[in-house]
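Have a look at the structure below, then the notes.
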Amino acid sequence: MSEEKSLNFIEEIIEKDLQDGKHETILTRFPPEPNGYLHIGHAKSICLNFGLALKYNGKTNLRFDDTNPVTEETEYVESIKEDINWLGFKWTNEFYASDYFDKLYEFAIILIKKGLAYVDDSSSEEIAQQKGTPTIPGIRNRFSERDIEENVKLFTEMKDGKYVDGEKVLRAKVDMSSPNMHMRDPIIYRIKHAHHHRTGNKWCIYPMYDFAHGQSDSIENITHSICTLEFIPHRELYNWLIQQLAIFPSQQYEFARLNMTYTVMSKRKLLQLVNEKHVVGWDDPRMPTISGMRRRGYGAAALRDFCDKIGIAKRENLIDIGLLEFCVREELNKTALRRMVVFNPLKITITNFNKEEEMVSIEDNPEDPNSTHRMVPFSKEIYIEQEDFMEIPPKKFFRLYPGGRVRLKGAYIIECNEVVKDNEGNITELQCSYLPESKSGNDTSGIHVKGTLHWVSKAHAVHAEVKLFDRLFHIENVAEAEGDFKDHINPNSLQIIEKVYAEPALLDIDIQKKYQFLRKGYFCIDKDSTKEKLIFNRTVTLKDTWAKEVKKN
RNA sequence: UGGCCUAUAGUAUAAUGGUAGUACGACAGAUUUUGGUUCUGUUCGUCUUGGUUCGAAUCCAGGUAGGCCAACCA
C-alpha cells in the first residue's frame, strides 16, 4: 500500500484538519445551478468533491443552487442528476437551496434585528454608483439609516408582495469603504415576481448567491466548500455572514477551473450555441457537455481518468484536448469491439477465388486474451478503402499498389495484378489474386507483408450512416480570441457519410457497446438510429502516424 | 493608478530548505495480421533582481507578467 501519488493542496488541508481533530469526517457538496447542462469543467468539480469524500470516508451532498427562478428549470435538474449518476457518483442527500428559503428568511430577519441589514429603495444604477470603485470608497445613502422596526416592516412587506420587482432590496450593512467590493453593503435579497421550479409562487423575494450559498453550506454542516477561483473575493463575505449569524463555520476553498483547447466552457456561451442552432442541442456530440461526450461515445471512466490526470491547483490553465482524447482512446482500446467498415469503397475482384464464400474467424478484441470471435464472410468480390490503394506509391507506402501485396485482415494475402479504369481514367476496380496458403492463423506461405487492410465482402455488406466530428472551434484558445467567439466556429465540425459498407456482424447491435472500426477510429451508436437506418458517431480517431508522415513530406 | 490570487519543460502537474520528477505532446527506434496497441530511448523547465542559508523551485523583499473583483447572475 505505497500510495506514492502526492496530495493536491485541498487534500493537504483536509488531512491536516482530520489530524488536528478539527473535523472527524468531511462533508463536501456539489452545488450546480440548474440553468444549463453540465460540462467537462463541472466533471472536474464533481470528481474533486465526490472523490475527496470517497478518499477520506466522508459524504457529498448534491445541492441545487436554485435562487434565481428566472433562469432555472426542472429539465436542467434532471439532466444534472443523470450526468452525475452516469459519471458514477452517488450523493448522500439531494438538497435544494430553495429548501432553505424559510430558514434564509429568518437569517435575514436576524441580521436586520442586529442592525446589520437594511432595506434600500435605490435603483440598481444608484446602488452601483454609490458603491464607488476599487480606488474610491463607496458612500452610504439615507436608507441605510432606517431603524430596525422600519426595516423589519419593509422587508416583511417585500416578502408579502407589496412591491414590484426592483423597487426595494435588502442589503447587508458591512463596510462601504472596504477594498473588497463585495463587502460594500452587498444586496442579499431582491424582489422577483417569478414562478420558481420548486416553490412555485410561494416567494416573490429571493436570496442572492452570497446569502444563500454559505448559509446552505452551514445548514448542511459542509466542512469543505470547494469552488472556483473567481469566488475568492466572496470568501470574506462568506465568513462574515457565518460569523454574524453564529452558525456552523463551513469553510470555502478555491481551485482553478478547467479550460480546454478548441472549445468554450461557459454555460452562457454553450446556451448560445444551442439557442442559435450552431449545434443540435446540449447533447450534440461536439459539445463539451457531459451529455454531449456521452452521446459521442466517451466513457465515464475516461472522463474520471482525465480529471485525475489534470490535477487540482490554483493556477490558470488551458488543457490540451488531446489529453482527453488520449484518456478516451486508452479506455476504448481495452473495451471496444473490432469491426470492419469501408467508407469509400474500391472494388477488388479476386480472380483465382472460386468458392461462393468462405467464413473467416476474427477476434473481437485483440487486447483481450479471452476475446470472443465472430465469423466474417469472405468472397470473390470485396471492397477495400480507396485510400488504401495508390497507383504510384510514395516511399514507405505499404498498402496496395500495382504488383504489391497486402494482407486482408483475418483472411488472405492478395497481390494486385491489374488496375481497371473507366473511359475517364478513374480507377473502378482492382484485379487481384490471393495466396491460398496464406490464410490467417494457418499461414504456410512464408511470405511477410508490411500492410494489413480492412475489407468487406461486397455481396454481404450491410449499410450504415456515419457522423465524423471535428473540433467545434478552429482556434486553440477561444476565450482569449478577438471578437465574438462564434466567429471562430469550425464550419466543418460535422461530416456525414451517408452510406458506409460494413461486415454483417455490425448488425448485431448492442447500444451499450463501443466499437472500433478497424483503422478508422472508435464509434458508437447514435441515439437517432432506427432499425432501418443505423447511425454511428465517431467518438475519436485512432492515432495516425502515417497521416503525420504524409504531412511531413 | 485599491485589494486579492497565481508564476516549474510545448501543455498540465509533483518535489513541503538537501539529486528538479511524472503524464500528455514532439522526435528516434523495436515489436505488431489495425501505420492501432505495447516497449525502449531522446529532447525541452524553476519569470526576474537582490537577500537569508553550508545549501533556495521552496523562505524574505523589490520588480515583471497573467488572472479576478465595482450583476437586483451563480
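Note that these values count all heavy atoms, side chains included, but never hydrogens, waters or copies made by symmetry. In the text below, chain A, chain B and the rest are named by the order of the sequence lines, each starting its count at 1.
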Tell me whether the side-chain N or O atoms of A/Arg399 pair up with the base of B/rG35 as donor and acceptor below 3.5 Å, since no angle test is needed here.
yes
Evaluate A/Asn141 against A/Ser122 for side chain to side chain donor-acceptor pair (under 3.5 Å), listing each step before the verdict.
CA-CA 9 Å; A/Asn141 59 37; A/Ser122 310; 3.1 Å; yes
Would you check, one step at a time, whether the test side chain to side chain donor-acceptor pair (under 3.5 Å) holds for A/Glu236 with A/Tyr238?
CA-CA 5 Å; A/Glu236 194 179 354; A/Tyr238 182 104; over 6 Å; no
Return the residues of residues 443-454 of chain A meeting this criterion: a heavy atom under 4.0 Å from some atom of RNA chain B. Order them by number, or give none.
A/Thr452
Which parts of nucleotides 3-14 of chain B does protein reach within less than 4.0 Å, heavy atoms only, written one letter per nucleotide 5' to 3' as B for base, S for sugar-phosphate only and - for none?
SSSSSB--SSBS
Euclidean distance for C1', B/rG45 against B/rU38 (whole angstrom):
29 Å
Go through the steps to decide whether A/Phe306 and A/Phe326 satisfy the test ring-ring contact (aromatic ring centres under 6.0 Å, His included), and finish with yes or no.
CA-CA 9 Å; A/Phe306 171 74; A/Phe326 168 83; over 10 Å; no
Compute the ring centroids of A/Tyr189 and A/Phe155, then answer whether they are less than 6.0 Å apart.
yes
Can you list everything that forms a side-chain contact (heavy atoms from CB on, under 4.5 Å) with A/Arg304? Sequence neighbours excluded, please.
A/Cys47, A/Phe89, A/Ala300, A/Ala301
Given atom CD of A/Gln252 and atom P of B/rC68, what is their separation to the nearest angstrom?
17 Å
Using whole Å, report how far NZ of A/Lys551 lies from C1' of B/rA26.
13 Å
Please state whether the base of B/rU34 and the side chain of A/Gln516 form at least one donor-acceptor pair under 3.5 Å?
yes
Do A/Tyr105 and A/Tyr100 make the cut of ring centroids closer than 6.0 angstrom?
no
Base, sugar-phosphate, or nothing for A/Thr133, non-hydrogen atoms under 4.0 angstrom?
base
Can you tell me if A/Glu437 has over 12 outside heavy atoms packed within less than 6.0 Å of its CD?
yes
Considering only the C1' atoms, how many Å lie between B/rA14 and B/rG62, rounded to the nearest integer?
29 Å
Which is true for A/Gly441 with a 4.0 Å heavy-atom rule: it touches a base, it touches only sugar-phosphate, or it touches nothing?
base
A/Phe536 ring center within less than 6.0 Å of A/Phe517 ring center:
yes
Under 6.0 Å between ring centres, would you say that holds for A/His197 and A/Tyr76?
no
Map every base of RNA chain B to its dot-bracket character, where paired means a Watson-Crick or G-U wobble contact with both distances under 3.5 Å and | marks a partner outside the strand.
.((((((..((((....[..)))).(((((.......)))))....(((((..]....))))))))))).....
Starting at atom CD1 of A/Ile321, determine the distance to atom P of B/rG25, rounded to an integer number of angstrom.
14 Å
Interatomic distance where CD belongs to A/Gln129 and C1' belongs to B/rA70 [whole Å]
12 Å
P atoms of B/rA65 and B/rU48, separation to the nearest Å
15 Å
If you only use heavy atoms from C-beta on, which nucleotide in B/rG67, B/rC69, B/rG35 is closest to the side chain of A/Glu480?
B/rG67
Gap in Å between the two P atoms, one belonging to B/rC4 and one to B/rA23, rounded:
39 Å
Centre-to-centre under 6.0 Å for A/Phe343 and A/Tyr501, is that the case here?
no
Sort out for me which residue in A/Phe101, A/Phe64, A/Tyr96 forms a ring pair (Phe, Tyr, Trp, His ring centres under 6.0 Å) with A/His196.
A/Phe101
Take the protein atom CG of A/Asp388 and the nucleotide atom P of B/rU34, then report the distance between them rounded to whole Å.
13 Å
If you round to the nearest 0.5 Å, how far is CD of A/Gln516 from SG of A/Cys524?
14.0 Å
P gap between B/rA15 and B/rU58, integer Å:
14 Å
Tested for side-chain contact (heavy atoms from CB on, under 4.5 Å) against A/Val169, the lone hit among A/Ile191, A/Ile205, A/Ile127, A/Ile188 is A/Ile127
Geometric cation-pi criterion, A/Lys192 with A/Tyr206: 6.0 Å, 45°:
no
A/Arg519 side-chain N/O to B/rG35 phosphate OP1/OP2 under 4.0 Å
yes
Between A/Asp364 and A/Thr372: side-chain donor-acceptor atoms closer than 3.5 Å:
yes
Could you work out the separation of B/rU13 and B/rA7 based on their C1' atoms and round it to a whole Å?
14 Å
Could you label the plane-to-plane angle of the A/Phe107 and A/Phe211 rings as parallel, tilted or perpendicular, counting under 30° as parallel and over 60° as perpendicular?
perpendicular
Spacing between A/Lys409 atom NZ and B/rU33 atom P, to the nearest angstrom
9 Å
Stacked cation flag A/Arg339 on A/Tyr515, 6.0 angstrom / 45 deg
no
Determine the Euclidean distance between corresponding C1' atoms of B/rG17 and B/rU53; express it in Å to zero decimal places.
9 Å
In whole angstrom, what separates A/Phe306's CZ from B/rA23's C1'?
12 Å
Please list, for nucleotides 18-22 of chain B, all pairs of protein and nucleotide N/O atoms separated by less than 3.5 Å.
none

Under 4.0 angstrom, heavy atoms only, what part of the nucleic acid is A/Lys520 near: base, sugar-phosphate, or nothing?
nothing
Sticking with atom C1', work out how far B/rG41 lies from B/rU52, rounded to a whole angstrom.
42 Å
Closer to the 5' end of RNA chain B via nearest nucleotide, is it A/Gly322 or A/Phe397?
A/Gly322
With a 4.0 Å cut-off on heavy atoms, is A/Lys16 in touch with a base, just the backbone sugar-phosphate, or nothing at all?
nothing
Output a table of nitrogen or oxygen pairs between the protein and nucleotides 71-74 of chain B separated by less than 3.5 Å.
from	atom 1	to	atom 2	distance (Å)
B/rC72	N4	A/Ser122	O	3.2
B/rC72	N4	A/Gly166	O	3.0
B/rC73	OP2	A/Arg190	NE	3.2
B/rC73	OP2	A/Arg190	NH2	2.8
B/rC73	OP2	A/Lys192	NZ	3.1
B/rC73	O3'	A/Arg190	NH2	3.2
B/rC73	O2'	A/Asn68	ND2	3.3
B/rA74	OP1	A/Thr67	OG1	2.7
B/rA74	OP1	A/Arg190	NH1	3.3
B/rA74	OP1	A/Arg190	NH2	2.8
B/rA74	OP2	A/Tyr209	N	3.0
B/rA74	O4'	A/Glu33	OE1	3.4
B/rA74	O3'	A/Asp65	OD2	3.4
B/rA74	N6	A/His234	NE2	3.1

What is the separation between atom NZ on A/Lys543 and atom C1' on B/rG36, rounded to the nearest whole Å?
9 Å
Is the distance between the ring centroids of A/Phe9 and A/Phe255 less than 6.0 Å?
no
